Amino acid sequence: QVQLVESGGGLVQAEDSLRLSCAASGRTFSSYAMGWFRQAPGQEREFVAAISQRGGSIRYADSVKGRFTISRDNVKNTVSLQMNSLKPEDTAVYYCAATETYYSATFPNRYKYWGQGTQVTVSS
């Protein structure tokens with residue numbers, strides 16, 4: 001079993017940066033692909049970014065490509081999301097999640113474990 005805890009959210013202004021971190025428990029972190037999702041009020045949870053088990057493959061949602069960077073550290077059991085040039089439409093609760101299958105990493109129902117989420121609010 002994997003437990004995930006996000007941190008790093010907050011209130012920022014447009015064009016600012018934030019770095020989200022997700023700490024994972026358990027010895028099998030490196031066997032999971034990791035993803036970041038977000039959910040705004042009244043909207044469905046949407047894919048943001050994913051990284052494969054060893055970090056060799058990465059994919060992003062079109063809406064964040066070029067602004068967000070996902071990375072992982074399999075020694076520290078962490079996955080991070082560097083968010084630059086933030087926009088008000090990036091406002092949401094951000095979740096990290098773990099899946100055994102990277103090829104379907106854009107689908108939230110493929111993820112087995114979820115963190116509790118961290119709020120990101122971007123003011124204009």
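Fair warning: this is a prediction, and the values are worked out from it, not measured in the lab. Heavy atoms only: backbone and side chains are in, while hydrogens, waters and symmetry mates are out.
Contact of the Phe68 side chain with the Trp36 side chain is not registered, since no non-hydrogen atoms from C-beta on lie closer than 4.5 Å. Looking at heavy atoms from C-beta onward, Gln39 lies in side-chain contact with Tyr95 at the 4.5 angstrom threshold. The shortest distance between side-chain heavy atoms of Ser71 and Gln82 does not fall below 4.5 Å. With a 4.5 Å cut-off on side-chain heavy atoms, Val64 and Arg38 count as touching. Taking the side chain as every heavy atom from C-beta outward, Cys22 and Leu4 approach each other to under 4.5 Å. The shortest side-chain heavy-atom distance between Val122 and Asp16 does not fall under the 4.5 Å cut-off.
What you find for Ala14 and Pro88 is that their closest heavy atoms are CB-CD, 4.2 Å. Contact between Asn84 and Ser17 at its shortest, heavy atoms only, is OD1-OG, 2.9 Å. Scanning both residues, Tyr94 and Leu20, for their nearest heavy atoms gives CB-CD1, 3.5 Å. Nearest heavy-atom pair, Val5 versus Gln116, reported as atom, atom and distance to 0.1 Å: CA-OE1, 3.7 Å. Looking at every heavy atom in both residues, Ser30 comes nearest to Gln53 through O-CB, 3.2 Å. Considering all non-hydrogen atoms of both residues, Tyr60 and Ile58 come closest at CE1-CG2, 3.3 Å.
At least one donor-acceptor pair closer than 3.5 Å links the side chain of Glu6 to the backbone N or O of Cys96. A donor-acceptor contact shorter than 3.5 Å is absent between the side chain of Thr101 and the backbone of Tyr103. Looking only at distances, a side-chain donor or acceptor of Arg67 sits under 3.5 Å from a matching main-chain atom of Ser85.
Taken together through direct or relayed side-chain contacts under 4.5 Å among Ile, Leu, Val, Met, Phe, Trp and Tyr, Phe29 and Trp114 form parts of separate hydrophobic clusters. At a threshold of 4.5 Å between side-chain heavy atoms, the hydrophobic network of Ile, Leu, Val, Met, Phe, Trp and Tyr places Leu86 and Val48 in one connected group.
Asp90 and Lys87 are not joined by a salt bridge, as no carboxylate oxygen comes within less than 4.0 angstrom of a charged side-chain nitrogen.
Counting non-hydrogen atoms of neighbouring residues, nucleotides and ligands closer than 6.0 angstrom, the CZ atom of Arg54 reaches no more than 12 such neighbours. Within 6.0 Å of atom CD in Gln13, 12 or fewer heavy atoms from other residues, nucleotides or ligands are found, so the atom counts as exposed in its surroundings.
With rounding to the nearest 0.5 angstrom, the OG1 atom of Thr69 is 8.5 Å from the CZ atom of Arg19.
Remark: the Gln119 side chain and the Thr121 side chain contain an N/O donor-acceptor pair separated by less than 3.5 Å. A side-chain N or O of Arg59 and one of Tyr102 form a donor-acceptor pair less than 3.5 Å apart.
For an aromatic pair to be called close, the ring centres must be under 6.0 Å apart, and Phe37 with Tyr111 satisfies this.
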